[in-house]
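For ligands, and for the atoms within them, numbers begin at 1 and follow the listed sequence.
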Amino acid sequence: MLKPSYKEAKKRTKDKINVLRDEYVIPSSVKNLGMGKKYYIKTYGCQMNEHDSEVIAAILEDMKYTKADDYEDANLIILNTCAIRENAHNKTFGMLGRIKHLKQTKRNLLVGLAGCMSQEESVVDEILSKYKWMDFVFGTHNIHKLPEILEAHENSKKLEVNVWSNEGNVIEGLPAKRDSNYKAWVNIMYGCDKFCTYCIVPYTRGKQRSRRPDDIISEVRELINKGYKEVTLLGQNVNAYGKDFDDLDYKMENLLEDVAKTGIERVRFVTSHPWDFTDKMIDVIAKYDNICNYIHLPVQSGSSRILKLMGRRYTKESYLELYNKIRNKVKNCSITTDIIVGFPGETKEDFEETLDLVKICKFDSAFTFIYSPRVGTPAAMMKDDVTKEEKEKRLYELNDVINKYALKHNEKYVGKTVLVLAEKVSEKDDSMLAGYTDTMKLVNVKADEKYLGQIIKVKITDAKTWSLDGEIDE
Ligand code: 5AD
Ligand code: SF4
């Protein structure tokens, strides 16, 4: 058994980051384990998890499992979990409750826990004491070891816990079964060294490790050859890309430029921390048409006092300076953000500063959250004297302002013709296709399925807070 340890996970050593290319192997005893069996993966949380689930799916398919559309039809269920806020925990444990019932009637069902919650000491302790009926737990650092973990379980028939806390390596050569045939996630870095005081990610995802540029570029080239139109470069803090190379002076602006030069039709990247956002990056984004005019730039708070307590390394003023620089240099850029309300000690005045900043920036949209204490982080030790009611009131008030600007931005599109990557049939109406503009506006368009996977011209006819409606403009 290998349990996670926060003490280990917190460590940041100067040890060399190795790129390991031969770590993914399927032991012969389990290479047909999934023959005639189905798997179901439930994914919680961010895009990083979504992409990890694509890798887990491909590994299972390499072991001959096939996909089940519903967890009740599966012989193997994996919950790929998120630890960022308490409600992500609650959802996972709720799902485990339902699966427990299924397991009582389906004796050969295997159930595993993966993702960020697996990296939490307290979660693994809870699994070991109250969820002994589960079959395996693995973490974010050893996804490639899944076949070996399943092999160990085959032999022991007991709960296998195999979670690494401290990982300094980059694993290459993993397969991925991508959800879309048109747009793809491409990891460019793993982990985060920022240690914002509220955030669990540096503990669950480990130290920052950038993938080598050649590996990223060849992945993008391969995607182009397969017909992909869009890539999103993924990392917890993509602007810090390359800072961990000791033999190479190659940063995010270089990578963005080289990815743009591959000729892929659209390049996106998430998530940006304002601290590492350089002028050179802004210039590259402005220069290349295929780098989308869309930047997600989490601010978290508009109060410099709270930002300092959050360990964010910028002030309200310096954020605004960066924000304006981007707006001035990248024409028609859409900018979205993340905001936390109710951080420990946030006063009414601090919150007013956040509203003030939102009114200045007029974000295209924002993800807003009530602060959720995460055990093991510095903020969890801070005195939290804002009541739950007050936090909810602030969130409500903030959302009201955010939504007003979101609608205003969308209304500006009415009557205009925009380019949309038609990526799926609309969930609400199967005569409609849904897709995004390069500015990341969701568009529902009346169009035939033959347009799927194409970048089409759409005339916008109506604007809502969260989406636009349009018709094909031929
Ligand atoms: N509580 C509430 N929101 C959080 N986030 C990260 N940690 C917490 C927390 N403990 C939010 C931040 C981040 C987004 C992904 O989740 O806004 O940018
Ligand atoms: Fe968390 Fe901050 Fe790292 Fe983002 S930059 S993952 S908020 S520690």
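Atoms of ligand 1 found under 4.0 Å from any heavy atom of R85, numbered from 1 in the order shown, are 1 (N), 2 (C), 3 (N), 4 (C), 5 (N), 11 (C), 16 (O). Annotation for ligand 2: atoms under 4.0 Å from non-hydrogen atoms of R312 are 2 (Fe), 7 (S). If you number the atoms of ligand 1 from 1 as listed, the ones under 4.0 Å from a heavy atom of S372 come out as 1 (N), 2 (C), 9 (C), 10 (N). Heavy-atom proximity to R374, at under 4.0 Å, picks out these atoms of ligand 1: 10 (N). Heavy-atom contacts of H273 reach the following atoms of ligand 2: 5 (S) (cutoff under 4.0 Å). Atoms of ligand 2 found under 4.0 Å from any heavy atom of K194, numbered from 1 in the order shown, are 3 (Fe), 5 (S). Taking a cut-off of under 4.0 Å to the non-hydrogen atoms of I340, the atoms of ligand 1 that pass are 3 (N), 4 (C), 5 (N), 12 (C), 17 (O). Using a 4.0 Å cut-off to heavy atoms of V201, the atoms of ligand 2 that qualify are 6 (S). Each of the following atoms of ligand 2 lies closer than 4.0 Å to a heavy atom of P202: 8 (S). Heavy-atom contacts of F369 reach the following atoms of ligand 1: 3 (N), 11 (C), 14 (C), 16 (O), 17 (O) (cutoff under 4.0 Å). In the vicinity of Q300, heavy-atom distances shorter than 4.0 Å reach the ligand 1 atoms 12 (C), 13 (C), 17 (O), 18 (O). In the vicinity of F195, heavy-atom distances shorter than 4.0 Å reach the ligand 2 atoms 8 (S).
Among the backbone and side-chain atoms of C199, an N, O or S atom lies under 2.8 Å from atom 1 (Fe) of ligand 2.
Between E397 and K393 there is no salt bridge, since none of the side-chain N atoms of the basic residue sits less than 4.0 Å from a carboxylate O of the acidic one. Using a 4.0 Å cut-off between a side-chain N of Lys or Arg and a carboxylate O of Asp or Glu, K243 and D193 do not qualify as a salt bridge. Under a 4.0 Å N-O distance rule, the pair D246/K16 does not qualify as a salt bridge. Using a cut-off of 4.0 Å between Lys/Arg side-chain N and Asp/Glu carboxylate O, K194 and D276 are scored as salt-bridged.
Atom 7 (S) of ligand 2 has as its closest protein heavy atom Y198 OH, 3.4 Å. For atom 4 (Fe) of ligand 2, the nearest non-hydrogen atom of the protein is Q236 O, 4.1 Å. For atom 6 (C) of ligand 1, the closest heavy atom belonging to the protein is I84 CG1, 3.4 Å. Scanning the protein heavy atoms around atom 7 (N) of ligand 1, the nearest turns out to be Y198 CD1, 3.3 Å. When only non-hydrogen protein atoms are considered, atom 2 (Fe) of ligand 2 lies nearest to C196 SG, 2.3 Å. The protein heavy atom nearest to atom 14 (C) of ligand 1 is D338 OD2, 3.5 Å.
Under the 3.5 Å distance criterion, with hydrogens and angles disregarded, a donor-acceptor pair is assigned to the side chains of Y294 and T336. Side-chain contact of T439 with Y413: a donor-acceptor pair under 3.5 Å is present, judged by distance alone.
The number of heavy atoms from other shown groups lying within 6.0 Å of CD (E427) does not exceed 12. Atom CZ of R221 sits in a sparse spot, with 12 or fewer heavy atoms from other residues, nucleotides or ligands closer than 6.0 Å. Counting heavy atoms of neighbouring residues, nucleotides and ligands inside a 6.0 Å radius, atom CZ of F195 exceeds 12 of them. Counting heavy atoms of neighbouring residues, nucleotides and ligands inside a 6.0 Å radius, atom NZ of K329 exceeds 12 of them. Other residues, nucleotides and ligands contribute over 12 non-hydrogen atoms within 6.0 Å of the NZ atom of K325.
A cation-pi geometry, defined here as NZ or CZ lying under 6.0 Å from the six-membered ring centre and within 45° of its normal, does not hold between K42 and Y40. A cation-pi contact, defined as under 6.0 Å to the ring centre and within 45° of the axis, is absent between R212 and Y250.
Here C192 has side-chain heavy atoms under 4.0 Å from ligand 2, and that is the only part of it that gets that close. The proximity of I200 to ligand 1, defined as any non-hydrogen pair under 4.0 Å, does not occur for either the backbone or the side chain.
For the pair T271 and ligand 1, no heavy-atom separation below 4.0 Å is found.
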